[in-house]
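Read the structure below first, then the notes.
In this chain, numbering begins with 1 at the start of the sequence shown.
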Amino acid sequence: MCLSVPSQVTEIHDDASVTVDTLGVKRLVSSHLMAEPLAIGDFVLIHIGFVMNKIDDTEANLSLALYKEIVEKLEAEEQV
């Protein structure tokens, strides 16, 4: 099973790579597999360093809220 956390495009580079922010972690990934152009602020899903598809802002924000809730619950359990 593979989980892909929505990442937001923060920079676009000339070599078809983009910098994305995934829950505060920034990294450089390839957009070579994308047919449609990306813009700063777009939410994308990444697999092994490649942008696989762009997702709707609402869907991305709902997913991010769920991931944050999971992390908070796991952290709370560790403190018990």
Begin with the C-alpha distance, continue with both residues' side-chain angles, and end with the deciding distance and a verdict on side chain to side chain contact (heavy atoms under 4.5 Å, CB included) for Glu36 and Met34.
CA-CA 6 Å; Glu36 62 182 301; Met34 287 293 297; 3.6 Å; yes
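- Rounding to the nearest 0.5 Å places OH of Tyr67 at 12.0 Å from CG of Leu62.
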Begin with the C-alpha distance, continue with both residues' side-chain angles, and end with the deciding distance and a verdict on side chain to side chain contact (heavy atoms under 4.5 Å, CB included) for Phe43 and Asp57.
CA-CA 6 Å; Phe43 282 97; Asp57 290 1; 3.5 Å; yes
CA sep, side-chain torsions, deciding dist, call: Val44, Ile55, side chain to side chain contact (heavy atoms under 4.5 Å, CB included):
CA-CA 6 Å; Val44 296; Ile55 62 172; over 6 Å; no
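- Results of the side-chain contact (heavy atoms from CB on, under 4.5 Å) test with Val51 over Val9, Val18, Leu45 single out Val18 as the only residue that passes.
- Shown here for His32 and Ala16, the closest heavy-atom pair between the two residues is NE2-CB, 3.6 Å.
- With values rounded to the nearest 0.5 angstrom, Leu28 atom CG is found 12.0 Å from Lys26 atom NZ.
- Judged by distance alone, with hydrogens and angles left aside, the side-chain atoms of Ser4 form a donor-acceptor pair with the main-chain N or O of Ile46 at under 3.5 Å.
- Side-chain atoms of Glu11 never come within 3.5 Å of backbone atoms of Thr19 as a donor-acceptor pair (strictly under, hydrogens ignored).
- Using modelled atom types, no side-chain atom of Ser17 and backbone atom of His13 make a donor-acceptor pair closer than 3.5 Å.
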Do Met52 and Leu33 pass the side chain to side chain contact (heavy atoms under 4.5 Å, CB included) test, and can you show the C-alpha distance, the side-chain angles, and the key distance before you say yes or no?
CA-CA 7 Å; Met52 299 309 289; Leu33 300 178; 4.1 Å; yes
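- Taking CD from Gln8 and CG from Leu64, the interatomic distance works out to 8.5 Å, rounded to the nearest 0.5 Å.
- Looking only at distances, a side-chain donor or acceptor of Asp42 sits under 3.5 Å from a matching main-chain atom of Ala39.
- Annotation for Ser7 and Thr22: closest pair OG-OG1, 2.5 Å, computed over non-hydrogen atoms.
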After noting the C-alpha distance and the side-chain angles of Lys68 and Glu72, does the key distance pass the salt bridge (charged side-chain N to carboxylate O under 4.0 Å, His left out) rule?
CA-CA 6 Å; Lys68 289 176 185 176; Glu72 289 171 2; over 6 Å; no
